[in-house]
Structures are given as structure tokens and as C-alpha cells.
Peer 1: 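Okay, handing you the structure first.
Values below: all heavy atoms of this structure, side chains included; hydrogens, waters and symmetry mates excluded.
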Amino acid sequence: MIRGGQNYVSCAPAFSNDGKRLLVCSASTVSVFSTATGFIVSSLEGHTAPVTSLILVPSSTTFLCYCWTASLDGTIRYWDYSVPECIKILHLHSPIFSMVIPTLLSASEENSAKSANVFAYVSVEARNAPPNLSKPRSRCGQIRKCNLTNYQIVGNLILKETERPESLTISPSGKFLGIKDKRKLHIWRVPKMDSDSAVSKKITLHHTKTFTILAFHPTERMVAAGDVTGRILIWRGFGAQKFLDSSGVVNGGSINDGEDKPGVRENDDAESCSTWHWHSAGVGLLSFSSDGAYLYSGGKEGVLVLWQLDTGKKKFLPRIGSPLLYFVDSPDLSLSSISCADNQIHILKMPSMEIVRSISGIKPPLSSQDICESLSSRAAFDCSSGLVAVQTENYGIQFYSLFGNRGLYEVQVCERNHQPVDEVTVVVTLVNLSVDGSMMGTVEVKLPEEGIGGLVCLKFWDLDDNRRFSVSTLIYEPHRDAHISAVAFHPTRHMAVSSSYGGDFKIWVCKEEIQQKGQMLQNSGWMCHAVGSYKNKAMTAAAFSADGSVLAVAADTVITLWDPDTNVLVAVVGETPTPIVSLAFAGKSDYLLSVSRGSKPQLSVWSMSKLTASWSYRLQIEGVSCAVDLSYFAILALLPESNEHTFKDDGIILLFNVTDPVPVASWSVTKAMGGGLAFVKRDPSQREVVDGKPLPTWLAYINGDREYVLFDPYGKEACEHIMTKHDDLVALEETGQFGYTSIYGELPKFDLKRNKPSSILSAVSERPWETIFSGSSHMLPPLTKLCSEFLESLLERRTATVE
């Protein structure tokens, strides 16, 4: 089983002490990347929920590599990441959203000072905390202090309660701890490392806008904070009155004369406050340089700004292309890293701030998915190469390796300004790849403004010599002003079909194929070969058969079958309760699958030899995939919210043999909404041999958050109960009694351990003339069969009259 698609930017990464490795939190694991190659070299596995904090222990030698991690599973773990091995586990029994450690001993110091205690401050969700009747609103966030050496919550100390768990920030010197709370900054002075006492003194800095982030200066009593408007505020000499020890010396500062000084914001305890403003939106990144001479900032614009503290002069790294989240310095002063909201981590060469390498995770779903739900498309798979193509926020298509778990390259579908904007003006609605992965079709829609305008564009792409896609043909308004519902490619030829809600479909052929037939054309590209329609109904889906001899196009609730070469209507099959949204031929078999959504969703299996429905289920289908060389297909179905079945997740994958309505296997899955399925050819080096035959394919499942898993649908795991981790994408369930009577009502129970025909299979009647004229006219059998059965019915009637 292969997993991937993790989020690499859920929290800040950390460089190893030699700067040659970068530790990145990815879901419930910590992935160790090489900064030289950008590839994963090892993983720290053990947490059962997302890791929220990662802190490295300083060391002067590369042989000692230790770190602390905290997770939402309520545990803190101590690791040797050079092995890798988990050394210690501490249980807090509350989800940990953030953790900081004020002062860490180096590995050598820790070995020589066994009596020294290591303390941490954690931000947790207090699930079992008693209600506080003195406060009008219950607060679920708590900041606590923990002893990591002897493991105990120090005096059950609760430093502060918040409405929700807040992110903690520690100063590089370990002397100050801070959080942002709406329009306030709360800053505490941290006691000495070996003290069990509470943090006794706190100051609060105020602002007129909501804070988004804060950062401490490495050596001076200086704090910087960004707000939602893009402003950066810098307080110098904070804690001038409150942070005063018994000798009259300010902790971390100079001698204080004891006189109260006027505040800058509502009598804040600070000597001065300055404001810088360059960002046009909220500040998402703030970090002082290791020498304290500069301040890095970033935001939604995707621009890294370097501020010189003394002069306020700026230097920029523009066109990063995504909002910035974290900036991390390396012990190797020539390297730094920035984490971006599009799940990319860029390694910078300093001080030129040049991007030298990138760690490319799969890009997250579009933020416009809810705005344009009816237009947004699913991920497309290149099943021959093990790639998935997903849409990106910057109007592009990212090609991601399922086997390598890394991004390969990105295709820009249409140009866009590098500065992200809130207003969505263009949506890439469809992406589809040919069977061999050499051709791609995309559809982009420019949304109308106030009901005026709007443009639909169809593009065909070809794979060039560098194995990158380039545009070969661009077609504006291919179906007048109607939206395109589907794009499908011929399995063996340079031919494609596009269907539209406007009531027609078009068959496109590549001019290179026409040249091969003897007709010479000057320009290469695609041209319209034929146009078809059926009773002015919306054409909602399209698919070619495995050999390409039949083109199936859904006309609302019926299926029309066409000869793609002559554009002749061969037959009409139907009909379904609601409009069909997807069609797929079941490999090289004689069956066609249709998916309908709406108030009466349905999965139907049609026999092409009989032109009738073979069997069907009333299921809400999110994805369908058919094995190319086998008669198997898999579906991804949503479970209803009122699910009281044994499956605890929100979706289920069912594997069928096309001739049998009883599923071969089933898997319970998470985050099924917006997910997809595909049978992907195995890597030749990873193929398994069973009974002398190599297993040809994996089954790939990608969920709504674009996490994915590849597994063997035909192996032993499909028939046995396998215990999996809490955060697994796919939980293999025991195949035994399996029924949906309590969920869907109309579906019968069936036993996976027996091979009994279902009652929903169609059967030939002994008196066909009694039902021959029922249903729609396009369902009538051929004329020869119709005449014989009609004459037979007359003969029976005459015989009855004589008697």
C-alpha cells in the first residue's frame, strides 16, 4: 500500500544541525528531506493524528540528532531522527495545537547534566475541563506548562484560558513567550530553565486591528506583529516596567530607572512603537534574521519582503505565486526556507534569496470550489504513467507522481497575475487525459460580471519532446455560449469528443491523422469532424468504447450510441430517473456504466449486446473507474449522514465484476466528497506475481483533500479484515454480510460469501408481448423480433377466442 499527498505546510519545518536535512510535518508523520535533492530520505512514524509542532535539539555533532514533536493525538514524542527511532512518549490526554520549549540543552549538555529538567509550554484543547460559571462564554483553549524530563503537568498550571487553542511563539533567547488574542498581544517572562514556578509576570500590547502573527527579536526586547490590513507594528523595549527583577535590571534589557513611561497603544508597556505598511492584505509571515538586523515578512501577495530594521529599506523576492506561511533559518547561513499555502516549500540561497530547490507537495483543492461547484472538475489520471493532474489556484494543472509522491511540473492553462486575488474570474472546469497520456483536453470558463460577458474556451494539448504539455489548438465558444459537460479521447486514435449542455456534441480529429490518410493540411492542430444532437436534449456525458468503434453520449436521461467515423446514430438506451453525469465502458467487456445524480441517484450497468439494463443501484456516486484489461470496475459512493451502518467513515469503495451485482470487495474511506478513483498500472519494479501472472494494476483513491492511497484491489487484503491506523484514508473492512436496506431502503441484503443472483437482475419473460410496448418508444426491440412476438400474441388471442 502506498500513501501520499500529505500537507507539508501545516506547521513550520526545521533544519537539521548541519543544514543538510529539512524535517517537515506531514499529517501524522515527520518526513526528512535532503536539502541537496529535495527527496525524502526517512520518516518518523508513530503519531496517530496530525503533528502540530516540531522542535530540534541543538547539537555540535551530526551523529546526535534529536527532536521533540507534539500532535493532536495528545502525545509528545522524543526522537532520534538519524535512526529513526522514538525514544520517549509523554501522554497529555488532550489534543496539542502548539508547543514551544524555552531553552533546550544540546545533546552533549543533556548527557552531562542528567538532573536538569526540560520544560515546555503547550496550547491544548481542554475537552474535560469543568465549566466556569463566572465567565459568560465557555473557553476550550488552555496554555499549560509541562516537565518533559520527569513528565508532569507543573502544579496543574494553566497559564491562560482562551476561546480556542492559540499558537505559541517563543523568543530565540527563550526569555519571552507570547500569543495573539484578537487585538491584543499577551507576553510573559519565562522563568529560569530549572524552575518549577509559574510564569508570574505578563504584559499586554494593544492595537486597533486584529493581529495575525508575531515574532520576537533574537537578542533585544523587541517584538513585531502583523495585522489583517497588512501593517507591521514593532514595539521596542517592551516590559519596561513589569519585567523587572529584584536588582532593578529588566530581564533581557538595561537598567530601568523605575519611572513609568507613557504607552504607545493604550498605555502599552513599551518604549516606542513604529509601523510599517507595504502588504495589501493580512500579514501571514514574520521572522527576524538570525543576526537581528533584518525582518522578513510575507502575505497573500506571494512576495517575500526583507526589511532593514535600522533604515526601513526593503528588498523583495516576488512572484512566488502563493501566500507565504513560514520562514525558517538554517544553521548553515547560506540556506533558508519558505513555506507556501500551495503546499510547496522553497529552499533559498542566502543572502541573494534565490530559490535553488523546491519540495512540491500536491496542491490543495481550489478555494473557489464552493463558488463554482457546478463547474469545477475532478482530478484526471494518467493511468499508464501513474500521474494525477489536479487544478491549481493560479489557473494551472499540476502533474503529480503517485508512486514518487512529488510534484513533477505544472502547466499554465491561462495567464494570471502572480498576486492572488479574492475575486474568482476564471475557472478551469474540465481536465481529461488520453489513455496513453499523450494528449490532454482542458476547458476554462471566464465567469460573467454582473450577468454580462462570459467565455468558454476548449484547449487541446500535446506532449512535447521534453515530456511537457504544450497547447496545440485553442477553440473559443466551441458550442456557442453553452458550457461543456465532458471531454473524452478515442483510445487509439487522435480523436476526441466534447459534449455540451446546449444540446449538441462535436467530434474533433487531429490534423496529423488526416494527413496520414493522404489529405495534406498546412497547419497542425485539431478540427471539428462532425456534430450530433438528439431531440435538442442536453448532452451531459460522453465516452468511447475500449476499441473506439462506439461513441456513447448521454442525452439527459437516455444514452445514445453513435458510430464516431460516420456520425450515425446506432441505438438509444435508457432511461434513468435523473440526468446522467458520467459514462464509462467497463474495460473490454460488453457493458456500459452510467451515473446519475440528483434526487434519485443511480448507478446503472447496461448490456450493449441486449441494449437493456443489466442491474442498477441507488447510490450517490462520486467516482467510477474501470480496469482496462479486466471486467472489473470500482465505484466511490457517499454514505448518508444518518449512517448507522458498521462503516464509520463518510464513503465507501465497492469493487464489482461487471456481470455480478454482488460486490467483490469493499473499503471504507474518509473525505469521499470530491474524491476520485483510478486503476493505475503498476511500476514494473513493484509488480507482484500471483499464480504465475503479474498483477497489472493498483487502485488509486484520492480524497477531497487530495490525499491519496494506492492498494491492491485483488489481493488478500480485499478479503480479510485488516486493522489500520486512525488517520488511514482507506480502512479495509471484513467482507461478510453486507447490505444497505437500512440506508437506502430499496436495496436488498446480500451475502458476499455466496454467489447468488440478485433480484434486481433483468430476466426474460415467458410472455414478452405483455410488456413489449411498455416504456419509451426508443426502447423497442428490432423490427424482426417485434413482428414475430406481435404475431405470436395475435395467435394466442385467436386460440383463446376459439376455445
Side-chain angles (χ1 to χ4, degrees), residues 1-8 26-32 39-51 73 84 361-362 379 381-388 390 400-406 622-623 625 627 630 632-637 647-656 663-672 675-691 693-735:
M1 188 176 287
I2 300 176
R3 302 180 184 277
Q6 301 92 342
N7 183 0
Y8 293 144
S26 55
S28 61
T29 64
V30 176
S31 302
V32 183
F39 293 160
I40 295 179
V41 295
S42 62
S43 297
L44 308 181
E45 299 183 357
H47 284 291
T48 58
V51 178
D73 62 8
I362 193 168
F381 292 88
D382 179 0
C383 300
S384 60
S385 303
L387 304 180
V388 61
V390 296
Y400 198 83
S401 172
L402 297 175
F403 294 106
N405 191 21
R406 60 189 180 93
E622 280 290 294
S625 181
L630 301 174
Y632 287 93
F633 72 92
I635 63 170
L636 172 63
F647 296 104
K648 299 179 181 180
D649 299 317
D650 59 354
I652 185 172
I653 297 175
L654 299 175
L655 179 67
F656 289 96
V664 176
S666 63
W667 299 270
S668 176
V669 297
T670 61
K671 305 174 185 177
L677 289 175
F679 283 90
V680 179
K681 288 186 178 180
R682 288 173 178 255
D683 189 322
S685 62
Q686 298 176 340
R687 288 196 176 185
E688 300 177 12
V689 178
V690 177
D691 296 332
K693 297 181 180 180
L695 296 176
T697 58
W698 292 94
L699 182 59
Y701 164 62
I702 183 169
N703 66 16
D705 287 348
R706 291 183 176 174
E707 303 163 321
Y708 67 85
V709 60
L710 287 86
F711 60 98
D712 178 14
Y714 311 112
K716 295 180 180 179
E717 294 178 349
C719 302
E720 296 179 356
H721 181 68
I722 296 182
M723 299 301 295
T724 55
K725 296 190 300 181
H726 175 72
D727 64 334
D728 276 353
L729 300 176
V730 175
L732 304 180
E733 299 290 342
E734 185 177 9
T735 56

Peer 1: Hey, is the main chain of M1 close enough, under 3.5 Å, to the side chain of D712 for a donor-acceptor pair?
Peer 2: no

Peer 1: Of all heavy-atom pairs between V388 and A379, which one has the smallest distance, and what is that distance?
Peer 2: CG2-CB, 3.8 Å

Peer 1: Using 0.5 Å steps for rounding, measure from the CZ atom of F711 to the CH2 atom of W698.
Peer 2: 10.0 Å

Peer 1: What distance separates D382 CG from L387 CG, expressed to the nearest 0.5 Å?
Peer 2: 5.0 Å

Peer 1: Might you point out which heavy atoms bring Y701 and T670 nearest each other, and give the distance in Å?
Peer 2: OH-O, 2.6 Å

Peer 1: Any non-hydrogen side-chain atom of S43 less than 4.5 Å from a side-chain atom of V32?
Peer 2: no

Peer 1: Hey, are the side chains of F381 and L402 touching, using non-hydrogen atoms and a 4.5 Å cut-off?
Peer 2: yes

Peer 1: A side-chain contact here means heavy atoms from C-beta on lying under 4.5 Å apart; do V51 and L44 qualify?
Peer 2: no

Peer 1: Mind checking the CG-CD1 spacing from L677 to I635? Nearest 0.5 Å is all I need.
Peer 2: 9.0 Å

Peer 1: Using a 4.5 Å cut-off on heavy atoms from C-beta on, say whether the side chain of I702 contacts that of I362.
Peer 2: yes

Peer 1: Is the side chain of N703 donor-acceptor paired with the backbone N or O of D705 at a distance under 3.5 Å, no angle test?
Peer 2: yes

Peer 1: If you look at every heavy atom in A672 and L636, which pair is closest and at what distance?
Peer 2: O-CD2, 3.8 Å

Peer 1: I'd like to check Q6 versus N405 (side-chain heavy atoms, cut-off strictly below 4.5 Å). Are they in contact?
Peer 2: yes

Peer 1: Please verify the inter-ring angle class for Y400 with Y708; under 30° counts as parallel, over 60° as perpendicular, anything in between as tilted.
Peer 2: perpendicular

Peer 1: Are S26 and S31 close enough that a side-chain donor and a side-chain acceptor fall under 3.5 Å?
Peer 2: yes

Peer 1: What do the steps show when you test I653 against S666 for side chain to side chain contact (heavy atoms under 4.5 Å, CB included), and what is the final call?
Peer 2: CA-CA 6 Å; I653 297 175; S666 63; over 6 Å; no

Peer 1: Is the side chain of T29 donor-acceptor paired with the backbone N or O of E45 at a distance under 3.5 Å, no angle test?
Peer 2: no

Peer 1: Distance from F633 atom CZ to L654 atom CG, nearest 0.5 Å?
Peer 2: 9.0 Å

Peer 1: Kindly give the heavy-atom pair with the smallest separation between P713 and F679, and that separation in Å.
Peer 2: CG-CE2, 4.1 Å

Peer 1: Side chain of D73, backbone of T48: donor and acceptor closer than 3.5 Å?
Peer 2: yes

Peer 1: Looking only at atom types and distance, does a side-chain atom of D650 sit under 3.5 Å from a main-chain N or O of K671, one as donor and one as acceptor?
Peer 2: yes

Peer 1: For a 4.5 angstrom cut-off between non-hydrogen side-chain atoms, does L655 reach W667?
Peer 2: yes

